[in-house]
Number of protein chains: 2
Amino acid sequence: MAAAPRGRASAGESASSADNGDSRATARKPRRRSRAARAEPVDKRRLILDAAVRVFAHRGFHSCRVSDVADEAGVAYGLVYHYFGSKEEILDTLFVERWQLMLDAIEAIDHSDASAREKLELVASFIIDSYRHSPEVMKVIIVEVTRAAHSFGREHLEHINKAYDRIALIVEAASREGAFKPDIDARFAAMCFYGAIEQLLSGWIFGLLPRTDEEYERAKGLVVETICGGLEAPGAPTPAGPGLLPRQ
Amino acid sequence: MAAAPRGRASAGESASSADNGDSRATARKPRRRSRAARAEPVDKRRLILDAAVRVFAHRGFHSCRVSDVADEAGVAYGLVYHYFGSKEEILDTLFVERWQLMLDAIEAIDHSDASAREKLELVASFIIDSYRHSPEVMKVIIVEVTRAAHSFGREHLEHINKAYDRIALIVEAASREGAFKPDIDARFAAMCFYGAIEQLLSGWIFGLLPRTDEEYERAKGLVVETICGGLEAPGAPTPAGPGLLPRQ
DNA sequence: ATCCAGATTGACCGGTCAGTCAACGCCCGG
DNA sequence: CCGGGCGTTGACTGACCGGTCAATCTGGAT
């Protein structure tokens, strides 16, 4: 949460053990240096969380067993329930942790003095970089939460919705200030923008789109250019003007 | 399959019993008029399929029981397994049936002599009208198949991918002929376009977007205008030209 | 040395379902 | 009127898995 997403930030650095400063229960006290700094008192909770990401991403939340997570983490089955109330709570924790990172990032981007197009490009960059740096977490979030209309999607709707709202704020301001067209519905535009990005992530997740660093970079430019600039050639002979269907 | 999607067509008419002319096993022989056309020998298979749509849409594929489907259809549990090999096969059948309708529609639209923008508008209309006319089927297809990276998404990837391909064909032709920008990556653009639409459907499914007839109509125009025309105002002072990130 | 609290273990329980199957009945042809 | 096949029924089973819990371990404090 603390880190301001200046420039290259993304939600991809704290996946392993380097994570700290989280909210509530995460605050494990590692009872440091008991005598001579013995072999790292590993944070089992984090271990389980990280293992869960791998297992959920690979086999899907519903298709995997809690024992899979325990095995992957190298801990006993029961320990999972020592740290988490249920299987769901693990996913819950993972989602909230990361999504908040993104909400904060979007807000920080909006508060910067970049142009609207640059802001959208920063948002796209943040999301795409998040996927690049930790594809498994993003896969879990998108597949199991964001796009899951049942179970989790419903519960975190409000959280998810906030992201659309914050993007809409960017669009609305730009529209008001004349950078974007005046008659834009900011909410629609935000949904389209986010939907386009998530579809690209889905393409990468499903293996429908090539996964190279150049492609990721190219995608950032392309999605913003498509949404902001449009597909149509500037001087092209556009048959209809503002563009509604000619006949009913 | 038969109906050419001229103008107002959508995948929303054959949901109930009026469906026939399907592929394989659907060919139930209703042994018509045994003597005096008794009370309609209802097609139980179709009954189950329709009930499954309702149940899957309402409770989700994984969260519902086969007995729910049987109850909703008003038939015995075992009969479901008389017509379908497994629970999955029901979803399978539903998906393939409808998706093929959409693929055919897109192809027909592409073969029409409309402009690129009009073609995209027709595609958007088809999908949105499909949702409007049978939101439950579309919800099931999107939530349980299209956006499910595990189980079903994987199995029908090829089928799903065809839709992106066909949209890409439209974009590519337009790009080649000068209506769209020449340097467009058709596949990326197609993914963005489809992703934007699916996000709108998701918004309706989740109840994040208002569900009125006007909204549906407005959405058609808006999504096409956003993707084809872009968000930026024509004469606006765009800081960067072609638009890549200033630094990095 | 002793104690305790929290960490850790894994066998076990209980509930839930997908899928099976033996039986029944309805209709039709002979 | 009989026979057989297909449509139909629903109780049952076997596997699977989330969650519990009593026992055990560990390491610091006294």
Side-chain angles (χ1 to χ4, degrees), chain A residues 17 25-49 51-52 55-56 58-93 144 150-152, chain B residues 17 25-49 51-52 55-56 59-94 144 150-152:
Chain A
S17 56
T26 316
R28 308 263 107 244
K29 49 200 160 181
R31 34 180 164 19
R32 305 237 165 180
R33 255 169 295 103
S34 68
R35 185 58 52 93
R38 291 223 83 78
E40 281 298 297
V42 268
D43 184 349
K44 295 288 177 71
R45 188 187 138 96
R46 190 81 241 164
L47 217 56
I48 293 168
L49 236 22
V55 174
F56 291 170
H58 195 242
R59 329 227 327 214
F61 178 79
H62 292 288
S63 323
C64 79
R65 285 156 294 183
V66 173
S67 66
D68 291 334
V69 175
D71 290 350
E72 173 79 19
V75 304
Y77 186 91
L79 195 61
V80 173
Y81 285 92
H82 176 70
Y83 286 111
F84 302 93
S86 67
K87 192 186 178 191
E88 290 207 359
E89 195 181 306
I90 306 176
L91 181 52
D92 244 58
T93 306
E144 309 293 352
H150 302 292
S151 57
F152 291 100
Chain B
S17 56
T26 316
R28 308 263 105 245
K29 51 200 161 183
R31 33 180 164 17
R32 306 234 163 183
R33 254 169 298 101
S34 67
R35 188 56 54 92
R38 291 222 82 79
E40 280 300 297
V42 268
D43 183 349
K44 295 288 178 70
R45 189 187 137 94
R46 191 79 241 166
L47 217 58
I48 293 169
L49 236 21
V55 173
F56 291 170
R59 330 226 327 214
F61 179 79
H62 292 289
S63 322
C64 80
R65 286 155 293 181
V66 173
S67 66
D68 291 334
V69 175
D71 290 350
E72 174 78 20
V75 302
Y77 186 90
L79 195 62
V80 173
Y81 284 92
H82 178 72
Y83 286 110
F84 302 93
S86 68
K87 192 186 178 191
E88 289 207 358
E89 196 181 305
I90 305 177
L91 181 52
D92 243 57
T93 305
L94 285 171
E144 307 294 351
H150 302 292
S151 57
F152 291 100

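Order of the sequence lines fixes the chain letters, A, B, ..., with proteins taken first and strands second; residue numbering starts at 1 for each chain. No experiment lies behind these values; they were computed from the predicted model shown.
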Round to the nearest Å and state the distance from [X] atom [atom1] to [N] atom [atom2].
| X | N | atom1 | atom2 | result |
| --- | --- | --- | --- | --- |
| B:D71 | C:dC17 | CG | C1' | 14 Å |
| B:R65 | D:dG10 | CZ | C1' | 15 Å |
| A:H82 | C:dG10 | NE2 | P | 16 Å |
| A:D43 | C:dT8 | CG | P | 9 Å |
| B:Y83 | C:dT20 | OH | P | 18 Å |
| B:R59 | C:dC17 | CZ | P | 9 Å |
| A:H62 | C:dT16 | NE2 | P | 18 Å |

Starting at [atom1] of [X], measure out to [atom2] of [Y] and round the result to the nearest 0.5 Å.
| X | Y | atom1 | atom2 | result |
| --- | --- | --- | --- | --- |
| A:L91 | A:S86 | CG | OG | 9.5 Å |
| B:D68 | B:R59 | CG | CZ | 4.0 Å |
| B:F56 | B:H62 | CZ | NE2 | 10.0 Å |

Look at the side chain of [X] and decide which nucleotide, out of [options], has an atom nearest to it.
| X | options | answer |
| --- | --- | --- |
| A:S86 | D:dG19, C:dA7, C:dG19 | D:dG19 |
| B:K87 | C:dG19, D:dG18, D:dT9 | C:dG19 |
| B:A76 | C:dA18, D:dG10, C:dA7 | D:dG10 |

Next item on the list: Just call it for B:S67: base, sugar-phosphate, or nothing, with non-hydrogen atoms closer than 4.0 Å on any strand.
Entry: nothing
Margin query: Could you check whether the side chain of A:Y81 and the base of D:dG18 have a donor-acceptor pair of N or O atoms closer than 3.5 Å, going by distance alone?
Written below: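 Answer no: no donor N or O sits under 3.5 Å from an acceptor.
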Check: Distance under 6.0 Å and angle within 45° of the ring axis: does A:K87 meet both against A:F61?
Finding: yes
Check: Between A:V69, A:D43, A:T93, which is the residue that forms a side-chain contact (heavy atoms from CB on, under 4.5 Å) with A:I48?
Finding: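 Exactly one candidate clears the test, A:V69.
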Notebook entry, point to check: Of A:G78 and A:V66, whose nearest nucleotide on DNA chain D comes first from the 5' end?
Noted result: A:V66
Item checked: Closest-nucleotide ordering on DNA chain D, the 5'-leading residue of A:E88 and B:Y77 -> B:Y77
Checklist line | Distance test, side-chain N/O of A:K44 to OP1/OP2 of C:dT8, below 4.0 Å | finding: yes
